[in-house]
Amino acid sequence: MDSSLQDRYSRQILFAGIGEDGQRRLLASRVVLVGCGALGTAVANLLVRAGVGSLRIIDRDFVEASNLQRQTLFEESDAREGLPKAVAAERRLCAINSSVRVEGVVADLTSRNAEELLAAHNILLDGTDNFETRFLLNDAAVKLGIPWIYAAVVGSYGVTMTIRPGATACLACLLGANADGASVNGSAHSPIAPRADETCDTVGVLNSAAGVIASIEAAEATKLLVGAYISEDARLVSFDVWTGRHQSIRIERNPACRVCIAHEFRHLEGQAQPHVTMCGRDSVQIHERSRSLDLAELSRRIAAVAADVRHNDFLLRFCVPPHEVTVFADGRAIIKGTRDPAIARSLYARYLGS
Ligand SMILES: [Zn+2]
């Protein structure tokens with residue numbers, strides 16, 4: 001290791017659990033993060049500063065003003081420019097540590113692209129906000145044999161669990177019958193998962209809660225990457241920053257688990273994945289097929305028939321009151337102002353064709 005790296009990471013190298021050997025392993029590690037919201041930005045910041053070798057960030061969304069309270073990599077200008085989160089995060093992280101290869105991928109993780117985007121990494125990190133994507137991640141991690149860290153936060157409360165395929169319980173072991181993705185219902189303050197009807201869009205979220213869970217996630221990732229992981233079993237850790245309650249529960253493998261025992265990967269095989277999904281409280285995402293759009297050309301065409309048409313290199317946005325449509329270069333769209341897939345589909349067909 002050269003002297004500038006030696007100096008940069010000196011306080012971490014001094015820490016007995018890491019040392020120079022551990023730092024070398026970190027510098028050679030490949031990490032992928034799915035979802036770059038409150039948890040994702042915080043965990044990416046910590047791991048890029050700690051000196052992982054590379055970080056791929058996959059996110060489908062764009063920065064808005066309401067993100068800035070908790071999504072710590074973003075600035076007001078990112079929201080004004082309507083930058084995709086993966087792009088804004090890549091820019092900021094490269095400025096923080098230019099020796100880490102940071103790659104932002106503006107995409108929705110689906111059964112079609114999951115294996116390609118996640119393979120050949122040492123660890124997969126959960127920064128998502130939904131169980132559909134988490135079950136897909138769990139399937140991919142088990143199939144590819146890559147450890148992953150489940151993490152979720154809502155209100156003042158969050159949970160996290162480190163999953164090592166073949167060695168510990170997986171997400172389907174933890175959530176049992178719910179693992180078909182139909183619904184995940186914990187009781188209030190369930191140590192397992194936030195209630196399905198409680199999301200950051202309905203009951204809010206504290207930045208401090210995301211910070212605690214992201215810190216635990218980053219520490220777990222660091223231990224795995226430097227080869228210092230000692231825990232045999234999966235432990236589900238929960239923390240409520242408002243009440244001060246915290247728990248750490250040992251989770252057993254389910255000997256009949258459909259995923260990590262039977263190796264049935266329903267989410268990865270795509271049966272469970274609709275093309276039209278809810279995306280936040282008041283938005284619908286449409287992604288029926290990939291197409292390559294010329295955003296500048298499309299922008300000129302739509303300006304004749306819709307209001308507030310704006311575009312940058314990554315996306316095009318326009319208003320059809322009370323709806324706001326954001327279209328990405330791969331043909332995916334997020335329609336804000338409705339929960340009705342039929343309305344979203346009809347807007348998509350009218351302005352973007354089918
Ligand atoms: Zn399992």
Side-chain angles (χ1 to χ4, degrees), residues 31-35 39-40 43 58 109-154 158-187 190-196 213 216-217 219-221 223-225 227 229-239 247-273:
V31 179
V32 58
L33 165 68
V34 182
L39 280 171
V43 78
I58 304 163
L109 191 81
T110 68
S111 55
R112 290 185 296 272
N113 61 17
E115 281 187 73
E116 189 192 333
L117 287 171
L118 303 177
H121 286 85
N122 302 110
I123 195 164
L124 317 179
L125 300 176
D126 179 7
T128 68
D129 58 359
N130 67 87
F131 277 94
E132 211 172 273
T133 312
R134 289 191 184 109
F135 284 119
L136 179 64
L137 259 175
N138 190 56
D139 274 11
V142 172
K143 186 172 181 193
L144 298 166
I146 304 174
W148 79 281
I149 305 180
Y150 157 55
V153 63
V154 63
V159 295
T160 179
M161 182 170 102
T162 301
I163 293 162
R164 291 177 298 140
T168 67
C170 78
L171 189 67
C173 293
L174 173 69
L175 297 170
N178 289 319
D180 60 2
S183 68
V184 177
N185 284 306
S187 57
S190 150
I192 291 177
R195 289 166 44 142
I213 297 300
I216 298 170
E217 194 178 8
E220 289 284 295
K223 283 190 281 180
L224 278 165
L225 294 171
Y229 207 80
I230 40 170
S231 172
E232 292 287 315
D233 301 299
R235 295 201 76 90
L236 183 77
V237 174
S238 64
F239 210 108
Q247 279 183 293
S248 171
I249 305 167
R250 194 158 65 89
I251 304 295
E252 307 272 3
R253 286 186 84 179
N254 171 4
C257 179
R258 184 176 53 71
V259 180
C260 70
I261 301 287
H263 285 201
E264 278 174 37
F265 304 120
R266 278 185 220 163
H267 293 268
L268 202 52
E269 281 150 17
Q271 287 104 325
Q273 232 167 19

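Remember, it's 1-based here, ligands and their atoms both numbered in the order they're listed.
- For Pro147 against Pro165, the heavy-atom pair with the smallest separation is CA-CD, 3.7 Å.
- Ring geometry for Phe135 versus His267: interplanar angle under 30°, hence parallel rather than tilted (30 to 60°).
- For the salt bridge (charged side-chain N to carboxylate O under 4.0 Å, His left out) condition, the pairs that include at least one residue of residues 136-152, sequence neighbours left out, are Glu115-Lys143.
- Using a cut-off of 4.0 Å between Lys/Arg side-chain N and Asp/Glu carboxylate O, Lys223 and Glu220 are scored as salt-bridged.
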Can Leu171 and Ile163 be said to form a side-chain contact (heavy atoms from CB on, under 4.5 Å), step by step? CA-CA 8 Å; Leu171 189 67; Ile163 293 162; 4.2 Å; yes
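- Of all protein N/O/S atoms, those lying under 2.8 Å from the Zn ion (ligand 1) come to 4.
- Side chain to side chain, Thr128 and Asp126 meet the donor-acceptor criterion of an N or O pair below 3.5 Å.
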